[in-house]
Amino acid sequence: MPELPEVEVSRMGITPHVLNQVVTKVNIHNGSMRWPVPDDVYQLTGLTVTGVERRAKYLLLHCELGSTILHLGMSGNLRVVSANEPLKKHDHIEFIFANGKALRLNDPRRFGCCLWQAPGSVHKLLAKLGPEPLTDEFFAKQVYQQSRNKKVPVKQFIMNNAIVVGVGNIYANESLFKAGIDPRREAGKVSLKSFEAFIPIIKDTLAAAITQGGTTLKDFAQSDGKPGYFAQQLLVYGRKGQPCLVCKSELQEVRLGQRSTVFCGKCQK
DNA sequence: AAGGCCTCCTGGCGGC
DNA sequence: TGCCGCCAGGAGGCCT
């Protein structure tokens, strides 16, 4: 799925269509998502969406009586279409608005979720998240301190949502390559100097991906259906066996935490 | 406590 | 064409 840039692109795409709009109907066509979709979500009916927020890879639709939390999982996608347009396969949840538009969550694998958060509370799943990567709350010195004595490979460390949110498999691979850090290296053995190079690279990589509308992989599309363009500039992800774009040596692949990890054994130490 | 592994689910692709 | 195994953007939860 969508990594953070794709979620942010989705947020920007849907906001003008749903912000300050009245929800006239909530349809749960298949509530069997990662967790059962709670009936609380029907409370949105008749209310106005007062804000559309992203926290990590979660999207929150705020209204007076609470917030609807959406997560796109691995294969989720949000589209805004005319409410009379026929449903597509895997359109599981939809919010119909007074302006005649429908916001539809399509998710073939159903690893995504739709949850409810009462006003003034923070949902359990959002309570223990680390800092947003594109803010000043995410900085090298703190990450360095948190990493001391950690034996976990640095790639898994940086993908841990308690350290920083929103760094998924693609951008972890890409950022480690650009920073010249071997993904297998123990997090506790990465120097402060390396983190001082690495963290800004993560920020730049995510920011660039947002600017370009996210990474198009398989079925990802922006909420208007147009593809993102970042995939055209992936340096290592999906390039196992191909030459490193810097030194020409063959890119290697290993599995870390069950996730495909591609890197250059020569450029990344 | 930290780290490793499994799980949810559908679909696309490569190999035979 | 068809069938089979493998792989996929996430991440909570359970086990050791």
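Basis for what follows: all heavy atoms, side chains included, without hydrogens, waters or symmetry-related copies. By convention in this document, chain letters (A, B, ...) are assigned in the order of the sequence lines, proteins followed by strands, and residues within each chain are numbered from 1.
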Peer 1: Which part of the nucleic acid, if any, lies within reach of A/Asp107 when heavy atoms closer than 4.0 Å are counted: base, sugar-phosphate only, or nothing?
Peer 2: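 Here A/Asp107 touches no strand at all.
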
Peer 1: Do the rings of A/His71 and A/Tyr58 sit parallel, tilted or perpendicular, given the 30° and 60° boundaries?
Peer 2: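 Plane angle over 60°, so perpendicular.
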
Peer 1: For the pair made of CD in A/Gln156 and P in B/dG4, what is the distance, rounded to whole Å?
Peer 2: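 To the nearest whole Å, that distance equals 6 Å.
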
Peer 1: Grab the two heavy atoms, one from A/His17 and one from A/Asn99, that are nearest each other, plus how far apart they are.
Peer 2: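 Closest pair (atom of A/His17, atom of A/Asn99, distance): O-ND2, 3.1 Å.
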
Peer 1: Establish, with yes or no, whether the OP1 or OP2 oxygen of C/dA11 is under 4.0 angstrom from a side-chain nitrogen or oxygen of A/Lys57.
Peer 2: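 Answer yes for this pair, as a side-chain N or O of A/Lys57 is under 4.0 Å from OP1 or OP2.
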
Peer 1: For the pair made of CG in A/Leu129 and P in C/dA11, what is the distance, rounded to whole Å?
Peer 2: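 About 9 Å, once rounded to whole Å.
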
Peer 1: Tell me which nucleotide among C/dA8, B/dC6, C/dG12 gets nearest to the side chain of A/Gln258.
Peer 2: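 The answer is B/dC6, which lies nearest to the side chain.
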
Peer 1: Going by purine N1 to pyrimidine N3 plus the second Watson-Crick contact, or the G-U wobble pair, all under 3.5 Å, which nucleotide sits opposite B/dC16?
Peer 2: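 Answer to the pairing question: C/dG2, which forms a Watson-Crick or G-U pair with B/dC16.
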
Peer 1: Take the protein atom CZ of A/Phe157 and the nucleotide atom P of B/dG3, then report the distance between them rounded to whole Å.
Peer 2: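 In whole Å, B/dG3 P and A/Phe157 CZ are 10 Å from each other.
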
Peer 1: Among the nucleotides B/dG4, C/dA11, C/dG13, which one has an atom lying closest to any side-chain atom of A/Trp35?
Peer 2: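 The nucleotide sitting nearest to the side chain is C/dG13.
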
Peer 1: Compare side-chain N and O positions of A/His71 against OP1 and OP2 of C/dA11 and report whether any pair is under 4.0 Å apart.
Peer 2: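 For C/dA11, OP1 or OP2 has a side-chain N or O of A/His71 closer than 4.0 Å.
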
Peer 1: Is the ring of A/Phe111 stacked on the base of C/dG10, with centres less than 5.5 Å apart and planes under 30° off?
Peer 2: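 Yes, aromatic ring over the base.
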
Peer 1: Would A/Arg11 and A/Glu53 pass as an ion pair if we require N to O under 4.0 Å?
Peer 2: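 Here A/Arg11 does not pair with A/Glu53 in a salt bridge, since their nearest N and O are not under 4.0 Å apart.
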
Peer 1: Rounded to the Å, how far apart are A/Met74 CE and B/dG12 P?
Peer 2: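 Going from CE in A/Met74 over to P in B/dG12 covers 15 Å.
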
Peer 1: Using the P atom on both, measure C/dC6 against B/dC6 and round to a whole Å.
Peer 2: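 The same atom, P, in both gives a distance of 14 Å.
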
Peer 1: Assess whether side-chain contact (heavy atoms from CB on, under 4.5 Å) is satisfied between A/Lys203 and A/Phe138, documenting all intermediate values.
Peer 2: CA-CA 9 Å; A/Lys203 291 172 185 266; A/Phe138 177 49; 3.9 Å; yes

Peer 1: Taking the side chain of A/Lys150 as heavy atoms from C-beta outward, which of B/dA2, C/dA8, C/dA11 is closest to it?
Peer 2: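 Minimum distance to the A/Lys150 side chain belongs to B/dA2.
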
Peer 1: Using the P atom as the point on both nucleotides, what is the distance between C/dC7 and B/dC5, in whole Å?
Peer 2: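 Straight-line distance between the two P atoms is 16 Å.
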
Peer 1: Take atom CG of A/Leu115 and atom P of C/dA11, then tell me their distance rounded to the nearest Å.
Peer 2: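 In whole Å, C/dA11 P and A/Leu115 CG are 13 Å from each other.
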
Peer 1: Ignoring hydrogens and geometry beyond distance, is the side chain of A/Arg110 in donor-acceptor contact with the base of B/dC9 at under 3.5 Å?
Peer 2: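 Under the 3.5 Å cut-off, the side chain and the base do not form any donor-acceptor pair.
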
Peer 1: Rounded to the nearest Å, what distance is computed from the CZ atom of residue A/Arg34 to the P atom of nucleotide C/dG10?
Peer 2: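 Interatomic distance, CZ of A/Arg34 to P of C/dG10: 12 Å.
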
Peer 1: Quick one: is C/dA8 close enough that its OP1 or OP2 comes under 4.0 Å of any side-chain N or O from A/Arg255?
Peer 2: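 Indeed, a polar side-chain atom of A/Arg255 lies that close.
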
Peer 1: Let me know, please, whether A/Arg259 or A/Lys124 comes out on the 5' side of the other along DNA chain C by nearest nucleotide.
Peer 2: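 Comparing both residues, the 5'-ward one is A/Arg259.
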
Peer 1: Look at atom NZ of A/Lys240 and say whether more than 12 heavy atoms of other residues, nucleotides or ligands are closer to it than 6.0 Å.
Peer 2: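 No, NZ of A/Lys240 has 12 or fewer neighbouring heavy atoms, counting only those of other groups under 6.0 Å.
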
Peer 1: Provide the Watson-Crick or G-U wobble partner of B/dG11, both distances under 3.5 Å; none if there is no partner.
Peer 2: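 For B/dG11, the partner nucleotide comes out as C/dC7, under the 3.5 Å rule.
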
Peer 1: Output the rounded distance in Å from CG (A/Asn77) to C1' (B/dT10).
Peer 2: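 Distance check: A/Asn77 CG to B/dT10 C1' gives 15 Å.
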
Peer 1: Do A/Glu64 and A/Thr50 have side-chain N/O donor and acceptor atoms under 3.5 Å apart?
Peer 2: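 Looking only at side-chain atoms, A/Thr50 and A/Glu64 do not form any donor-acceptor pair under 3.5 Å.
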
Peer 1: Does A/His90 place a side-chain N or O at less than 4.0 Å from the phosphate oxygens OP1/OP2 of B/dC9?
Peer 2: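 For B/dC9, OP1/OP2 do not have a side-chain N/O of A/His90 under 4.0 Å.
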
Peer 1: Assess, by modelled atom type and distance only, whether the side chains of A/Lys155 and A/Asn169 contain a donor and an acceptor separated by less than 3.5 Å.
Peer 2: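 Note: A/Lys155 and A/Asn169 side chains meet the donor-acceptor criterion.
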
Peer 1: Could you tell me whether the phosphate oxygens of C/dC7, OP1 or OP2, come under 4.0 Å of any side-chain nitrogen or oxygen in A/Ser260?
Peer 2: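 Answer is no, no contact under 4.0 Å.
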
Peer 1: Classify A/Tyr58 by what it touches in the nucleic acid, base, sugar-phosphate, or nothing, heavy-atom distance under 4.0 Å.
Peer 2: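 A/Tyr58: backbone/sugar contact only, no base atoms under 4.0 Å.
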
Peer 1: Are OP1 or OP2 of C/dA8 and a side-chain N or O of A/Tyr237 less than 4.0 angstrom apart?
Peer 2: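 Checking A/Tyr237 against C/dA8: no side-chain N or O falls below 4.0 Å of OP1 or OP2.
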
Peer 1: Select base, sugar-phosphate, or nothing to describe what A/Lys89 touches, counting heavy atoms under 4.0 Å on all strands.
Peer 2: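 Result for A/Lys89 = sugar-phosphate.
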
Peer 1: Heavy atoms from C-beta onward define the side chain here; which of B/dG3, C/dG10, B/dG11 lies closest to that of A/Pro108?
Peer 2: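 For A/Pro108, the side-chain atoms sit closest to B/dG11.
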
Peer 1: To the nearest angstrom, how far is A/Asn161 atom CG from B/dG3 atom P?
Peer 2: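 In whole Å, B/dG3 P lies 16 Å from A/Asn161 CG.
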
